[in-house]
Asks: 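Input: one structure, supplied below.
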Amino acid sequence: MADELNRLLDVQGGVATSAQILTHLTRRQLEAEVNTGALERMWQGIYCRGEPTDELRLRGLDLACGTSVAVCLGTAAALFGFDTEETRDLHVLDPPGCALRNADGLVVHYRDGAPLVVRDGRRATAPAWTAIEVARGLSRPRALATLDAALRSRTCSLPDLWRSAVEQKGRRGIVAVRDLLPLADARSESPMESEARLVMIDGGLPVPELQYEIIDGNGELRRLDFAWPDQRVAAEYDGVAWHSGAEAMRRDRRRYNALHDIDWVVVPIVFEDVRYRASEVVARIDKQLRHARAA
């Protein structure tokens, strides 16, 4: 690649227009650079050096529009650290006078009046606004996961979320999100823990304490995902990686035995329980709670 072109890419953060590139390379040379992977076309007439990251894709849009493009929805959520949906498309606001259009991997939105902040040099819809807007388009379990994650990220507070919900009054899905706000909790450590908690609440179980700390029978500090301390009953969400293999089984057994030694009962929960056997999970926990109350 020509030294002059490399210097241009350095100055522009790794992106350049085809017109700029063709001042340093012939069209055949440009095609050769693309074929070898040294350059990659991201958008119409916009190229980057090497593998295109979201940051490079946004810089390419800035270059194409002649102004910094603001992000929203899942792209903004990722910027703030609470994208639970692993958003792949870039979600951006159409810059004034640009007439940016949807493309493969790009979704353009129009949000007059949406509050904007700057995060890591990029304009984005404000964290609370973003969380509410994302949650409005999701199922109840995933919406709660987003609200929990937004609080956990510490980019916004519960009052901030309530204010944003009021500001988005009348928009699709807002009633369901408002109903979930009293349940939102920053202590939930993963989206599936949020889903599991909603299964328990929808199933009529008492609201559990989250990340409840106790000293187990081995004298070790344990944090329980869900706990009902008065009944000494807990539920633990275990991911696949935690469950697989002989060593993981031994670790589980030691953990549960140590809790049993101090008269705690633990109900293990896995992904399939939450998504496909919700009533069975609720029944198992309810059985232990009833047994504890009757003892």
Asks: Can you name the nearest heavy-atom pair linking Gly60 to Val15, along with the distance?
Replies: N-CG1, 4.0 Å
Asks: For the residue pair Leu151 and Cys156, what are the closest heavy atoms and their distance?
Replies: CD2-O, 3.8 Å
Asks: I'd like to know if the side chain of Arg232 and the backbone of Ile262 have a donor-acceptor N/O pair within less than 3.5 Å.
Replies: yes
Asks: Would the distance check show the side chain of Gln288 and the main-chain N or O of Val266 forming a donor-acceptor pair, the cut-off being under 3.5 Å?
Replies: no
Asks: Can you tell if the side chain of Gln12 reaches within under 4.5 Å of the side chain of Arg59, non-hydrogen atoms only?
Replies: no
Asks: Given side chains that start at C-beta, do those of Ile132 and Arg171 come closer than 4.5 Å, heavy atoms only?
Replies: no
Asks: Testing Val108, Val69, Val107, Thr75 one by one against Leu90 for a side-chain contact (heavy atoms from CB on, under 4.5 Å), which residue passes?
Replies: Thr75
Asks: Can you list the steps and then say if Thr155 with Asp160 is a side-chain contact (heavy atoms from CB on, under 4.5 Å)?
Replies: CA-CA 10 Å; Thr155 58; Asp160 292 334; over 6 Å; no
Asks: Between Glu133 and Arg136, is there a side-chain N and carboxylate O pair less than 4.0 Å apart?
Replies: yes
Asks: Leu56 and Arg49: which non-hydrogen atoms are nearest, and at how many Å?
Replies: CD1-O, 4.2 Å
Asks: If you measure from OH on Tyr256 to CH2 on Trp264, what distance do you get to the nearest 0.5 Å?
Replies: 13.5 Å
Asks: Sub-3.5 Å donor-acceptor pair from the side chain of Asp273 to the main-chain atoms of Val281, do we have one?
Replies: no
Asks: Please determine whether side-chain contact (heavy atoms from CB on, under 4.5 Å) holds for the pair Leu9 and Leu39, giving the CA-CA distance in whole Å, both sets of side-chain angles, and the decisive distance to 0.1 Å.
Replies: CA-CA 11 Å; Leu9 289 167; Leu39 291 174; 4.1 Å; yes
Asks: Just wondering, more than 12 heavy atoms not from Glu55 lying within 6.0 Å of its CD?
Replies: no
Asks: What is the minimum heavy-atom distance between Pro95 and Cys65, and which atoms define it?
Replies: CG-SG, 4.1 Å
Asks: Should Leu93 and Val71 count as side-chain neighbours, where that means a heavy-atom distance under 4.5 Å?
Replies: no
Asks: Kindly compute the distance separating OG (Ser188) from CG (Leu183), expressed to the nearest 0.5 Å.
Replies: 11.5 Å
Asks: Donor-acceptor pair, distance only, cut-off 3.5 Å: does the side chain of Arg57 make one with the backbone of Trp43?
Replies: no
Asks: For Asp216, does its backbone N or O pair with a side-chain atom of Arg222 as donor and acceptor, under 3.5 Å?
Replies: no
Asks: Do the non-hydrogen side-chain atoms of His291 and Gln231 ever get within less than 4.5 Å of each other?
Replies: no
Asks: Please collect all side chain to side chain donor-acceptor pair (under 3.5 Å) contacts where either partner lies in residues 98-110, sequence neighbours excluded, each pair once.
Replies: His91-His109
Asks: Looking only at non-hydrogen atoms, find the nearest pair between Ala143 and Ala135 and report the distance.
Replies: CB-O, 3.6 Å
Asks: Any carboxylate oxygen within less than 4.0 angstrom of a Lys/Arg side-chain nitrogen, looking at Asp62 and Arg122?
Replies: yes
Asks: Quick one: do Gln29 and His24 satisfy side-chain contact (heavy atoms from CB on, under 4.5 Å)? Show the steps, please.
Replies: CA-CA 9 Å; Gln29 287 172 326; His24 302 288; over 6 Å; no
Asks: Within a 6.0 Å radius of atom CD on Glu213, are there more than 12 heavy atoms belonging to other residues, nucleotides or ligands?
Replies: yes
Asks: Assess whether side-chain contact (heavy atoms from CB on, under 4.5 Å) is satisfied between Arg140 and Leu180, documenting all intermediate values.
Replies: CA-CA 8 Å; Arg140 288 181 69 251; Leu180 287 173; 4.0 Å; yes
Asks: In Å, rounded to the nearest 0.5 Å, how long is the span from CG of Asp54 to OG1 of Thr87?
Replies: 9.5 Å
Asks: Would you say Leu210 and Leu158 are hydrophobically clustered, going by side-chain heavy atoms of ILVMFWY under 4.5 Å?
Replies: no
Asks: Whether Asp286 and Arg290 form a salt bridge (side-chain N of Lys/Arg under 4.0 Å from carboxylate O of Asp/Glu) is what I want to check.
Replies: yes
Asks: To the nearest 0.5 Å, what is the distance between CG on Leu144 and CG on Leu138?
Replies: 11.0 Å
Asks: Trp228 side chain to Leu289 main-chain N or O, any donor-acceptor pair under 3.5 Å?
Replies: no
Asks: Grouping I, L, V, M, F, W and Y whenever their side-chain heavy atoms are under 4.5 Å apart, do Ile21 and Val34 come out in a common cluster?
Replies: yes
Asks: Taking all atoms of both residues into account, what is the closest heavy-atom pair of Ala235 and Asp225, and its distance?
Replies: O-CB, 3.6 Å
Asks: Once rounded to the nearest 0.5 Å, what's the spacing between atom CG of Leu259 and atom CD1 of Ile214?
Replies: 5.0 Å
Asks: Less than 4.5 Å apart, side chain to side chain, heavy atoms only: is that true for Ile285 and Phe226?
Replies: no
Asks: With sequence neighbours excluded, what pairs up with Arg178 under the salt bridge (Lys or Arg N to Asp or Glu O under 4.0 Å) test?
Replies: none
Asks: Pick from Leu5, Thr17, Leu30: which one makes a side-chain contact (heavy atoms from CB on, under 4.5 Å) with Leu22?
Replies: Leu30
Asks: Under 6.0 Å from the CD atom of Glu220, do we count more than 12 heavy atoms belonging to anything else shown?
Replies: yes
Asks: A quick test of your reading: do over 12 heavy atoms of other residues, nucleotides or ligands sit less than 6.0 Å from CZ of Arg293?
Replies: yes
Asks: Answer yes or no: is there a donor N or O on one side and an acceptor on the other, between the side chain of Asp83 and the main chain of Ala77, under 3.5 Å?
Replies: no
Asks: Taking it one step at a time, do Asp10 and Arg7 satisfy salt bridge (charged side-chain N to carboxylate O under 4.0 Å, His left out)?
Replies: CA-CA 5 Å; Asp10 288 339; Arg7 282 193 287 271; over 6 Å; no
Asks: With no hydrogens and no angle check, is any side-chain donor or acceptor of Thr23 less than 3.5 Å from a backbone partner on Gln20?
Replies: yes
Asks: Starting at CZ of Phe80, measure out to OG1 of Thr125 and round the result to the nearest 0.5 Å.
Replies: 6.0 Å
Asks: Indicate yes or no: at least one non-hydrogen side-chain atom of Thr67 is less than 4.5 angstrom from one of Cys98.
Replies: no
Asks: Are Glu193 and Arg197 ion-paired here, with the side-chain N under 4.0 Å from a carboxylate O?
Replies: no
Asks: Do Trp162 and Pro182 come within less than 4.5 Å of each other through their side chains, counting heavy atoms only?
Replies: yes
Asks: Are side-chain heavy atoms of Arg41 and Ile46 found at a separation under 4.5 Å?
Replies: no
